[in-house]
Peer 1: 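The following block contains the structure, expressed as structure tokens.
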Amino acid sequence: AAVDSSMAAGITARLWQADFAPDAILQTVNAALLVKSREESLATLDVAAIDTHSGRLDLYKAGAAATLLRSGGRLSRLENTGLPVGILPEVSFAHSRDVLNAGDILLMISDGALAGGMAAVEEILAAHPDDEDLQTLAQTIVDAAVAAEGHHPDDITVIALRLSLLSEAE
């Protein structure tokens, strides 16, 4: 699974940087996983494309866990269903669009981070102080998942970002 995920992420990153369309990227990754071996080979993809000028967020998911958004003191689950890549010959991203504002926190997690349940992750995110660094938030979520499972059961990936405005002096 780690090899499949690494391959999928690497291909996705390279094609995204080369400015391929999201659906073309997904089809390429899917085809690569389908021909990789005769055994089942799958991976989830979770991509957030953020326009840093307008704050526009485009989420593309293929089998990935929900993304959380903390905006203006409210939490939202950005959930889209979709199948992982590498299972079927035809696959499509579940796509959603939102707008981020200064101070918003976007939290992308793998399913391994949900060992204690989505409510536990939401509680940690809601309680995270605005002035505390996001590395602390991510580590708290990882620690909670490991504690809930009693061991390191699955890959645990946590990506947290905060949209900030640059001052004119910067």
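Predicted model, so just to flag it, every value in this text is computed and none were measured.
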Peer 1: Kindly give the heavy-atom pair with the smallest separation between Ala160 and Leu107, and that separation in Å.
Peer 2: CB-CD1, 3.8 Å

Peer 1: Does CD belonging to Gln139 count more than 12 external heavy atoms closer than 6.0 Å?
Peer 2: yes

Peer 1: How far does CG of Leu134 sit from CD1 of Ile159, to the nearest 0.5 angstrom?
Peer 2: 12.0 Å

Peer 1: For residues Val85 and Leu26, determine if any side-chain heavy atom of one lies less than 4.5 Å from a side-chain heavy atom of the other.
Peer 2: yes

Peer 1: For the hydrophobic clusters of this structure (ILVMFWY residues joined by side-chain heavy atoms under 4.5 Å, transitively), does one cluster hold both Met7 and Leu15?
Peer 2: yes

Peer 1: Any side-chain heavy atom of Leu100 within less than 4.5 Å of one from Ser71?
Peer 2: no

Peer 1: Decide yes or no on side-chain hydrogen bond (donor to acceptor under 3.5 Å, both in side chains) for Asp133 and Thr136, but give the supporting numbers first.
Peer 2: CA-CA 6 Å; Asp133 70 278; Thr136 301; 2.9 Å; yes

Peer 1: Does Ser110 use its side chain to pair, donor to acceptor, with the backbone of Thr157 at less than 3.5 Å?
Peer 2: yes

Peer 1: With a 4.5 Å heavy-atom cut-off, do Ile156 and Ile109 have their side chains touching?
Peer 2: no

Peer 1: Would you check if Tyr60 and Ser96 make a side-chain contact, meaning some heavy-atom pair closer than 4.5 Å?
Peer 2: no

Peer 1: Side chains of Gln27 and Glu90: closer than 4.5 Å at any heavy-atom pair?
Peer 2: yes

Peer 1: Just wondering, do Val3 and Ser6 contact through their side chains at under 4.5 Å, heavy atoms?
Peer 2: no

Peer 1: Would you say the side-chain atoms of Glu132 pair up with the backbone N or O of Leu137, donor to acceptor, closer than 3.5 Å?
Peer 2: no

Peer 1: Might you point out which heavy atoms bring Asp58 and His95 nearest each other, and give the distance in Å?
Peer 2: OD1-NE2, 2.8 Å

Peer 1: Counting distance only, does the side-chain N/O of Arg70 pair as donor-acceptor with the main-chain N or O of His128 below 3.5 Å?
Peer 2: yes

Peer 1: Quick one: CG on Leu69 to OG1 on Thr67, what's the gap to the nearest 0.5 Å?
Peer 2: 9.5 Å

Peer 1: Is Glu122 salt-bridged to Arg77, going by a charged N under 4.0 Å from an acidic O?
Peer 2: yes

Peer 1: With rounding to the nearest 0.5 Å, note down the distance linking CG in Leu106 to CG in Leu78.
Peer 2: 7.0 Å

Peer 1: Identify the heavy atoms of Phe93 and Asp23 that sit nearest to each other, and give their distance.
Peer 2: CD1-OD1, 4.2 Å

Peer 1: Same cluster for Leu75 and Ile105 if Ile/Leu/Val/Met/Phe/Trp/Tyr side chains link at under 4.5 Å?
Peer 2: yes

Peer 1: Under 3.5 Å, side chain of Asp98 to main-chain N/O of Arg56, donor-acceptor pair present?
Peer 2: no

Peer 1: Transitively linked via ILVMFWY side-chain contacts under 4.5 Å: Val158 with Leu125?
Peer 2: yes

Peer 1: If the test is side chain to side chain contact (heavy atoms under 4.5 Å, CB included), which one of Leu33, Leu42, Asp4, Val91 qualifies with Pro84?
Peer 2: Leu42

Peer 1: Does the side chain to side chain contact (heavy atoms under 4.5 Å, CB included) test come out yes or no for Leu68 and Met118, once each step is laid out?
Peer 2: CA-CA 10 Å; Leu68 297 175; Met118 180 61 85; 4.0 Å; yes

Peer 1: Please report the C-alpha distance between Leu45 and Lys61 in whole Å, then the side-chain angles of each, then the deciding distance to 0.1 Å, and finally whether the side chain to side chain contact (heavy atoms under 4.5 Å, CB included) criterion is met.
Peer 2: CA-CA 6 Å; Leu45 288 178; Lys61 292 183 173 287; over 6 Å; no

Peer 1: Please report the closest heavy-atom contact between Asp104 and Gly72, naming both atoms and the distance.
Peer 2: OD1-N, 4.0 Å

Peer 1: So do Leu59 and Val47 actually touch side chain to side chain, heavy atoms under 4.5 Å?
Peer 2: no

Peer 1: Is there a side-chain contact between Thr44 and Asp111, using heavy atoms and a 4.5 Å cut-off?
Peer 2: no

Peer 1: For the pair Asn30 (side chain) and Pro89 (backbone), establish whether a donor and an acceptor sit closer than 3.5 Å, ignoring hydrogens and angles.
Peer 2: yes

Peer 1: Which heavy-atom pair separates Ala65 from Leu114 by the least distance, and what is that distance?
Peer 2: CB-CD1, 4.1 Å

Peer 1: Could you go through Asp155 and Ser5, starting from their C-alpha distance and side-chain angles, then the distance that decides it, and tell me whether this counts as side chain to side chain contact (heavy atoms under 4.5 Å, CB included)?
Peer 2: CA-CA 10 Å; Asp155 75 324; Ser5 294; 5.6 Å; no

Peer 1: Considering non-hydrogen atoms only, spot the tightest contact between Ala113 and Val121 and give its length.
Peer 2: O-CG2, 3.6 Å

